[in-house]
J.: 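Let me give you the structure first, and then I'll get to my questions.
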Amino acid sequence: MRPAQPDALSQPYDPARIEGRWYAEWEGRGVFKPKQTGKPPFVIMIPPPNVTGSLTMGHVLGESLRDLIVRWQRMEGRETLWVPGMDHAGIATQNAVEKALREKGVSRHDLGRDGFVREVWAWKEQYGGLILRQLRRLGISADWDRERFTLDERYSAAVMLVFQKLHEKGLIYRGHRIVNWCPRCQTALSDEEVDHVETDGHLWFIRYPIKGTEKTITVATTRPETMLGDTGVAVSPKDRRYQHLVGKVAVLPLMRREIPIVADELVDPKFGTGAVKITPAHDPNDFVMGERHDLPKMVVMDERGVMNDNAGDFRGLDRFAARERVIEALSDAGYLEKVEPHKHSVGHCERCGTIIEPYLSLQWFVKMKPLAAPAIEAAKKGQVKFYPTRWRKVYMHWMENIRDWCISRQLWWGHRIPVWYRGPQGSQEMVVSPERPEGEGWTQDEDVLDTWFSSWLWPFATLGWPEKTQDLERFYPNSLMVTGSDIIFFWVARMIMAGHEFMGTGPFPHVFFTSIIRDAEGRKMSKSLGNSPDPLAMMDRFGADAVRFTMIYLTPTGQDLLFDEKRVETGKFFANKVWNAARLVTLRIGDEDMGKIKESQLKLTLADRWILSRFAHALKNTTRFLKTYRFNEAANTVYHFTWNEYCDWYLEMAKPRWGYEDTVESMTPEQLEDRRTARWVAWRVLDGILRLLHPFMPFVTEEIWQALPHDGELLATATWPRSKSAWTDAEAEHQVAFLQQLVVAVRNLRVENGLPVGKQVPVTVRGTPEQLDLVERLADQIRPLAKIASLTLSRDGSRPAVAASAVVMGAEIFLPLEGLVDLDEERARLAREAARLLGDLENSKKKLRNRDFLDKARPDVVEKERARLTSLEETLDKLKKAQESLRAVSS
RNA sequence: GGGCGCUUAGCUCAGUUGGUAGAGCACUUGCUCGACAAGCAAGGGGUCACUGGUUCAAGUCCAGUAGCGCCCACCA
């Protein structure tokens with residue numbers, strides 16, 4: 001057996017000293033490995049962080065919550081698996097590496113594709129390593145042997161297979177479509193990767209002459225430079241104003257190209273002039289209309305957003321310079337009718353902020369509707385539930401209006417598209433295969449897949465799919481997904497679809513969305529803004545336990561969180577409090593192994609029964625809050641129980657019973673027995689607190705736990721406390737509540753009357769015989785708490801002549817003042833108190849005079865109100881007597 | 001254009017079966033008394049955005065208004 005080590009809990013609490021040692025111990029002893037327990041496994045996955053750089057406080061919150069749940073479930077006896085890993089994050093990482101290279105004056109083209117990819121892998125090692133350090137430092141209890149990276153060989157094979165399967169099913173196709181094109185990143189993006197920003201722009205009205213007439217038709221546009229690629233003009237088929245022009249030909253200004261005027265449903269007669277230019281190669285609507293009316297698709301820009309040969313005189317100009325010049329030219333030639341200010345939302349590249357160009361190009365797409373159907377069904381049947389529930393609606397809306405997913409990216413970092421081509425343009429052979437096909441002349445598609453095309457497989461590809469591994473068998477579906485609502489479409493929705501498509505069942509029954517962490521100004525914390533504190537620095541400054549606890553304690557359910565570093569003090573101070581409470585308890589219980597003592601051998605006092613009852617409440621509520629994903633309330637419950645009940649009251653009440661080593665010799669056998677009881681209860685509740693707190697603050701709780709005799713058992717694998725209904729004790733709670741109020745009243749009387757703190761005062765209590773008996777029984781606890789020199793029980797109903805007084809649950813407390821202070825103070829205080837009570841009293845009376853209240857309110861509510869009125873009346877009555885008795889006395 | 005969220009103490013926010021308003025920080029006063037000044041004790045501070053409705057009773061349910069924020073949309 002390991003002896004108790006009270007010395008271990010040295011002063012002061014120093015997180016840096018203790019947080020270093022436990023992670024290796026847990027890992028070394030396999031704590032984080034799933035172990036069959038007979039209960040169903042609990043499986044959770046990390047949302048793989050991007051390897052682009054350091055983690056943010058948003059990650060810290062997520063990891064803290066995930067680890068909280070996993071550690072709690074492990075203590076509940078579940079077999080737990082927590083899979084860690086990282087995402088290659090195609091475009092984000094490529095951009096980060098390109099930026100770093102640019103600072104060295106190197107472009108990716110200088111290195112070539114292979115050289116650049118090698119460079120990115122080096123980057124991945126560096127920043128991936130940093131992320132791993134951060135995760136370990138935070139204490140996450142993940143199984144590192146199962147760590148995955150989305151570009152791992154096995155994981156990549158899963159991605160390739162998925163591409164093949166979907167292609168075979170006809171759900172993946174290649175085609176010329178209008179995509180979101182980022183001219184800076186020079187790649188296509190999915191709709192989800194475009195941020196729309198409300199922008200003050202302009203609506204330019206341009207006259208197009210009608211061939212063979214002197215007339216014109218005026219169209220309105222927000223992007224005049226695209227008119228260079230116009231191949232038609234459209235009006236609404238219902239628009240009478242223009243029917244006579246349908247079938248006629250317009251002459252495109254500046255380009256002098258003849259383009260047809262057509263009628264199309266897509267045109268809104270109420271917008272602009274009711275006539276619209278058609279640019280099939282640069283606008284999704286125009287593309288559709290162009291297809292319908294068989295119009296040519298003329299691309300007028302290159303992939304950098306620079307006007308190309310089709311742009312005539314504007315060739316070589318950047319798209320925005322071209323806009324200016326086109327407007328000038330139109331204006332000079334008299335084609336510009338007018339300009340109006342126009343508010344519209346403009347798409348920006350999520351990664352670099354560049355304005356997105358709708359752009360015609362050849363890309364790969366996934367047909368999403370067939371994949372969405374089972375995912376919609378699952379939500380309808382409750383097979384996947386969202387917390388907070390309102391996200392269900394967001395999910396459903398997106399799913400039901402889902403559009404095809406552009407999955408090809410013109411990048412170098414990522415899973416290369418497993419498609420091979422051979423032969424001349426137009427009559428090309430194409431093979432879908434991860435391997436180079438047999439024969440000569442095959443070249444692979446140059447593009448890579450969207451990052452999310454690999455991430456959406458995470459819940460099962462990490463477990464070995466497509467192989468039927470034991471892990472896959474045992475740990476799929478996962479138990480819970482905890483992530484940010486900002487990736488509900490990117491990731492969560494797609495994982496649900498992939499789960500149904502490839503595993504035949506959804507990936508997890510529950511999704512919990514964490515708060516989004518914002519800075520003090522309300523901006524989302526992100527790497528690009530650089531407004532997140534460095535998690536490692538935070539942990540160095542406050543301790544990992546403090547950071548974890550604070551994040552959980554602060555996170556509101558389903559609301560954003562404005563984060564301020566200073567608030568981490570809450571967790572640090574709390575850890576310090578726990579540390580010192582444990583110090584006190586270990587110092588006073590010495591090296592006796594409290595675990596060997598049976599509760600039945602002890603004679604519990606009222607205070608003991610009270611704290612055990614309060615612990616039972618705290619345990620029940622903490623567990624309930626964890627189960628219902630109300631993590632902040634769980635943290636709050638443990639916090640207040642520990643600090644305000646255990647430390648502030650129980651330990652204070654226990655101190656006199658413990659005595660000190662030098663006083664033990666003079667103790668009676670009864671006192672020694674009571675000392676033992678007080679030691680045991682203090683230990684027992686501390687033990688419970690450590691267990692409840694461990695998932696929140698694993699390091700400090702393990703350190704304290706190990707300072708107590710445990711035969712080398714780890715707190716990390718100890719059991720969650722079981723609810724002990726025998727500990728619930730309403731009587732003890734009620735009686736100690738009386739004691740507390742009495743003590744507070746005495747303290748208050750002292751302070752209000754300006755008595756010196758150190759001054760021991762005599763106190764008289766007057767009340768019912770039951771109350772006096774109770775006070776007598778608790779006298780030893782009350783005296784030191786309230787610093788009372790002598791406690792007198794007024795059995796005969798007499799009261800001190802000149803005294804400050806207060807009423808507590810019907811009992812009167814007197815603090816003799818004669819000769820101590822100016823009585824005017826006390827008179828004023830009593831008057832204030834009486835006025836306050838009178839207000840409450842009137843309210844209560846009014847309520848009880850109300851027939852409707854008496855008839856319709858629940859009986860227990862009425863009864864409670866009656867009792868309250870009685871109590872108020874009694875209290876007021878006693879207060880008045882106190883006032884009278886002081887009135888006669890001169891100061 | 002559609003949807004969602006928020007508005008409670010100086011600040012940041014809790015408050016889930018409707019029944020006498022809470023926390024942390026900040027503030028005031030007093031405390032080196034053998035766990036803890038990262039602490040202890042006692043306090044001050046709120047017409048719970050506004051209007052109306054339901055109810056015996058509304059921060060809590062309903063409707064509307066205003067401000068702030070977010071998401072979605074083929075806003076030429």
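Sequence lines set the chain letters: A, B, ... in the order given, protein chains first and strands last, and positions in each chain run from 1. This structure is a prediction, so every number in the text was calculated from the model and none was measured.
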J.: Can you tell me, in whole Å, how much space there is between the P of B:G24 and that of B:C62?
T.: 31 Å

J.: Select one nucleotide: of B:C70, B:A23, B:A76, the one nearest the side-chain heavy atoms of A:T222.
T.: B:A76

J.: Examine B:G34: is either OP1 or OP2 under 4.0 Å from a nitrogen or oxygen in the side chain of A:K655? Give yes or no.
T.: no

J.: Does any donor-acceptor pair link the side chain of A:E633 with the base of B:A23 at a separation under 3.5 Å?
T.: no

J.: Going by side chain to side chain contact (heavy atoms under 4.5 Å, CB included), name the residues that satisfy it together with A:E633, two or more places apart in sequence or in a different chain.
T.: A:F625, A:R630

J.: Describe, in one word, how the ring planes of A:W643 and A:Y639 are oriented to each other, choosing from parallel (under 30°), tilted (30 to 60°) and perpendicular (over 60°).
T.: tilted

J.: Could you give the distance separating B:U54 and B:G69 at their P atoms, to the nearest angstrom?
T.: 35 Å

J.: Please confirm whether the shortest side-chain N or O distance from A:N748 to OP1 or OP2 of B:G43 is below 4.0 Å.
T.: yes

J.: Say you draw a straight line from CD1 of A:I259 to NE2 of A:H293; how long is it, rounded to the nearest 0.5 Å?
T.: 13.0 Å

J.: Under 3.5 Å, side chain of A:T199 to main-chain N/O of A:G201, donor-acceptor pair present?
T.: no

J.: To the nearest Å, give me how far apart CG (A:D564) and P (B:C25) are.
T.: 13 Å

J.: Between B:A42 and A:R750, is there an OP1 or OP2 to side-chain N/O distance shorter than 4.0 Å?
T.: no

J.: What distance do A:R392 atom CZ and A:Y387 atom OH have between them, rounded to the nearest 0.5 Å?
T.: 12.0 Å

J.: Take the protein atom CZ of A:F489 and the nucleotide atom C1' of B:A73, then report the distance between them rounded to whole Å.
T.: 12 Å

J.: Rounded to whole angstrom units, what separation is found between the CD atom of A:E400 and the C1' atom of B:G3?
T.: 13 Å

J.: Quote, to the nearest angstrom, the P distance that separates B:G5 from B:A23.
T.: 28 Å

J.: Show me the dot-bracket string of RNA chain B, counting Watson-Crick or G-U pairs under 3.5 Å, with | for pairs to another strand and [ ] for crossing ones.
T.: ((((((((.[[[[.)...(..]]]].(((((.......))))).....[[[[[..)....]]]]])))))))....

J.: Using the 3.5 Å cut-off, write out each protein N or O paired with an N or O of nucleotides 27-29 of chain B and the distance between them.
T.:
none

J.: Would you mind reading off the distance between A:F625 atom CZ and B:G15 atom P, rounded to a whole angstrom?
T.: 10 Å

J.: Reading nucleotides 52-63 of chain B 5' to 3', which nucleotides get B (base under 4.0 Å from a protein heavy atom), which S (sugar-phosphate only), which -?
T.: ----B-------

J.: Side chains of A:T570 and A:T550: do they bring a donor and an acceptor to under 3.5 Å?
T.: no

J.: Can a side chain N or O of A:R747 be found less than 4.0 Å away from OP1 or OP2 on B:G43?
T.: no

J.: Could you check whether the side chain of A:K393 and the base of B:C4 have a donor-acceptor pair of N or O atoms closer than 3.5 Å, going by distance alone?
T.: no

J.: For residues 538-546 of chain A, which side-chain N or O atoms pair as donor and acceptor with protein atoms under 3.5 Å away, sequence neighbours left out?
T.:
residue, atom, partner, partner atom, Å
A:R541, NH1, A:E565, OE1, 2.6
A:D545, OD1, A:F699, N, 3.1
A:D545, OD2, A:V700, N, 2.6

J.: Could you give all pairs that pass the side chain to side chain donor-acceptor pair (under 3.5 Å) test and reach residues 839-859 of chain A, with sequence neighbours left out?
T.: A:S844-A:E865, A:R858-A:D860

J.: Between atom OG1 of A:T279 and atom CE of A:M289, what is the distance when rounded to the nearest 0.5 Å?
T.: 8.5 Å

J.: Exactly one of A:N748, A:V763, A:V743 should register a side chain to side chain contact (heavy atoms under 4.5 Å, CB included) with A:I813. Which one does?
T.: A:V763

J.: Taking atom P of B:A23 as reference, at what distance in whole Å does atom CZ of A:F573 sit?
T.: 18 Å

J.: If the cut-off is 4.0 Å, is A:W643 near the phosphate of B:C40, judged by side-chain N/O to OP1 or OP2?
T.: yes

J.: Whole angstrom is fine here: how far is it from CG in A:L562 over to P in B:G24?
T.: 20 Å

J.: If we ignore angles and hydrogens, is there a donor and acceptor under 3.5 Å between the side chains of A:S190 and A:E193?
T.: yes

J.: What is the separation between atom OH on A:Y208 and atom P on B:A76, rounded to the nearest whole Å?
T.: 15 Å

J.: In whole angstrom, what separates A:I516's CD1 from B:C6's C1'?
T.: 14 Å

J.: Quick check on the 6.0 Å ring-centre criterion: do A:Y646 and A:H640 meet it?
T.: no

